[in-house]
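Single-structure report; data block below.
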Amino acid sequence: MYSRKTIETANAILLQRRQKARQEAAQRQAELYSRHPRLREYDRQLRGLTRSIALAAISGEAEETEGIMGRIRGVQEERRKLLDSLGLPRDILEPQYQCPLCKDTGTVEGKRCQCMEALLRAESCRGLPSAALDGRSTFDTFDLSYYPDAPDQSGRSPRKVMAAILQRCRDYADGFSRQSESLLFLGRTGLGKTHLSLAIAGQTASRGAAVLYSSAQGIIDRYERVRFDRDPTAEDRDFVQMAPRCDLLVIDDLGAEFSTAFSQSVLYNILNDRITAGLPVILSTNLTLEQLAAAYNERIASRVLCGCTSLSFVGKDIRFLRQREKKK
């Protein structure tokens, strides 16, 4: 499901492509007609013969129609010979559309063309954070070497735990659908929760899913601007419209937002609408399960704790480790 803005943007791009192709064709026609008057004359004859055959067909004069068709074929053959002698392609005066299948209309036989689908995917990805698009936050750039291999106090190897979580997230993105489960990423700051949620968002969006990504506070801010008419942008309105029903909603930093009755109402309504409809959401938080239960009212806590599969991130603060490496 794509947002109204995404579809409008894709259609506007296709319109620009069509207009450009037609303008360039008109320019080529003017230049060639000027250099080769015979080409202009052939095309003038063909236009006249086309009108004549239409009139003959309406009047039911089959013999005359057949005669005109013969003249059209003759002029077309002379025209082809001229273009061949000039070393020009026979469709030189036709608009050269980027997509020959749909001629940059976006549809083929009433269905979306592959070029339209590609545009929609590209525009859908454009709304994601840059880290999901520029290669910084992908599955391949998730470096397990930052996680200790030796067992921690729980007796588990953080590297093995995170390797399993990485694979779980890869599998989730590879098999994503609107019926996929909802996930809750738990763990202290700097353990890779945002990295993997961005990796999932980027991969699923690139494959055509309509994905929205925001911090919890960012969502509250958008809803406040729309709800109280505080100069909301078109992006704000689109987000509010799409959040309850897009293919995947990713909410980062749950629990870091300023908590009010309004913020709790917004979060509950979004989560309740999506989970009730069976639509997936990915939540990440620095809070423990106990802290989440204490931070939110019972309705939200129930939706988060009962409606999501929890993945607990372990290890040391990767951002701190990377900063220390840079200083060395």
Side-chain angles (χ1 to χ4, degrees), residues 1-7 124-129 131-132 176 178-187 189 193-194 196-198 200-202 204-205 209-311:
M1 177 186 296
Y2 296 103
S3 71
R4 173 178 53 82
K5 182 184 177 184
T6 296
I7 295 173
S124 182
C125 290
R126 204 181 301 279
L128 296 178
F176 178 80
R178 285 171 65 86
Q179 290 74 47
S180 292
E181 65 182 331
S182 293
L183 301 177
L184 172 62
F185 292 172
L186 296 162
T189 184
K193 300 185 300 298
T194 296
L196 288 182
S197 63
L198 283 169
I200 292 174
T204 54
V211 182
L212 291 183
Y213 190 106
S214 176
S215 67
Q217 185 62 57
I219 292 176
I220 303 305
D221 292 344
R222 286 185 185 276
Y223 270 75
E224 281 187 343
R225 288 193 291 270
V226 172
R227 173 64 179 81
F228 301 109
D229 198 22
R230 295 173 179 169
D231 297 322
T233 64
E235 288 78 8
D236 290 335
R237 296 188 186 280
D238 274 342
F239 191 99
V240 169
Q241 179 188 23
M242 291 294 295
R245 55 194 183 93
C246 62
D247 295 329
L248 175 63
L249 175 64
V250 183
I251 304 178
D252 197 14
D253 276 340
L254 184 69
E257 75 279 1
F258 185 67
S259 181
T260 64
F262 179 77
S263 68
Q264 297 233 356
S265 175
V266 167
L267 290 174
Y268 172 75
N269 287 333
I270 292 175
L271 294 174
N272 184 62
D273 287 346
R274 294 190 63 83
I275 293 176
T276 299
L279 295 172
V281 59
I282 294 178
L283 307 169
S284 68
T285 180
N286 297 333
L287 304 180
T288 64
L289 289 175
E290 293 74 17
Q291 290 170 330
L292 276 174
Y296 293 100
N297 61 47
E298 184 178 350
R299 295 192 306 168
I300 295 180
S302 174
R303 280 307 187 193
V304 172
L305 302 180
C306 299
C308 301
T309 298
S310 299
L311 299 178

Original post:
Any side-chain heavy-atom pair from Arg225 and Asp231 closer than 4.5 angstrom?
Top reply: no
**OP:** Could you tell me the separation between the CG atom of Leu186 and the CG atom of Leu283, rounded to the nearest 0.5 Å?
**Re:** 9.5 Å
Original post:
Val304 versus Tyr296: any side-chain heavy-atom pair under 4.5 Å?
Top reply: no
Subject >> Approximate separation, where rounding is to 0.5 Å, of Leu254 CG and Ile300 CD1 >> reply: 8.5 Å
**OP:** Could you grab the distance from atom NZ of Lys193 to atom CG of Asn286, nearest 0.5 Å is fine?
**Re:** 4.0 Å
**OP:** Write down the atom of Phe262, the atom of Ile220, and the distance for their closest heavy-atom approach.
**Re:** CE2-O, 4.2 Å
Original post:
Quick one: are Ser263 and Gln217 in side-chain contact, heavy atoms under 4.5 Å?
Top reply: no
Original post:
Between Arg178 (side chain) and Gly278 (backbone), is there a donor-acceptor pair under 3.5 Å?
Top reply: no
**OP:** Please lay out, stage by stage, how Val211 and Asp247 fare under the test side chain to side chain contact (heavy atoms under 4.5 Å, CB included).
**Re:** CA-CA 6 Å; Val211 182; Asp247 295 329; 5.6 Å; no
Subject >> Least distance between heavy atoms, Ser182 atom then Gly307 atom >> reply: CB-O, 3.5 Å
Subject >> Closest non-hydrogen atom pair, Ala301 against Ala293 >> reply: CB-CA, 4.1 Å
**OP:** Check Ile282 against Ser197 and note the closest heavy-atom contact, atom names and distance.
**Re:** CG2-CB, 4.4 Å
**OP:** Could you walk me through whether Ile251 and Thr285 pass the side chain to side chain contact (heavy atoms under 4.5 Å, CB included) test, one step at a time?
**Re:** CA-CA 9 Å; Ile251 304 178; Thr285 180; over 6 Å; no
**OP:** Could you pull out the closest heavy-atom pair between Cys246 and Leu279, with the gap in Å?
**Re:** O-CD1, 4.2 Å
Original post:
In chain order, what residues pass the side chain to side chain contact (heavy atoms under 4.5 Å, CB included) check against Asn272, with sequence neighbours excluded?
Top reply: Tyr268, Thr276, Arg303
**OP:** Starting at CD of Glu224, measure out to CG of Asp229 and round the result to the nearest 0.5 Å.
**Re:** 13.5 Å
**OP:** Quick one: closest heavy-atom pair of Val240 and Tyr223, and the distance?
**Re:** O-OH, 3.6 Å
Subject >> Gap separating the CG atom of Leu311 from the CG atom of Leu196, nearest 0.5 angstrom >> reply: 9.5 Å
Original post:
Are more than 12 heavy atoms from other residues, nucleotides or ligands located less than 6.0 Å from atom CZ of Phe258?
Top reply: no
**OP:** Can you measure from CG (Leu305) to CD (Glu298) and round to the nearest 0.5 angstrom?
**Re:** 11.0 Å
Original post:
Quick check: does any side chain N or O of Asp236 sit under 3.5 Å from a backbone N or O of Thr233, one acting as donor and the other as acceptor?
Top reply: yes
Original post:
Looking at residues at least two apart in the chain, or sitting in another chain, which of them share a side-chain hydrogen bond (donor to acceptor under 3.5 Å, both in side chains) with Thr194?
Top reply: Asp252
Subject >> Glu257 vs Ser215, side chain to side chain donor-acceptor pair (under 3.5 Å): CA-CA, chis, key distance, verdict >> reply: CA-CA 8 Å; Glu257 75 279 1; Ser215 67; over 6 Å; no
**OP:** Before giving the answer on side chain to side chain contact (heavy atoms under 4.5 Å, CB included), spell out for Leu292 and Leu184 the whole-Å C-alpha distance, their side-chain angles and the decisive distance to 0.1 Å.
**Re:** CA-CA 11 Å; Leu292 276 174; Leu184 172 62; 4.1 Å; yes
**OP:** Kindly indicate whether the side chain of Val250, heavy atoms from C-beta on, has any atom under 4.5 Å from the side chain of Ile200.
**Re:** no
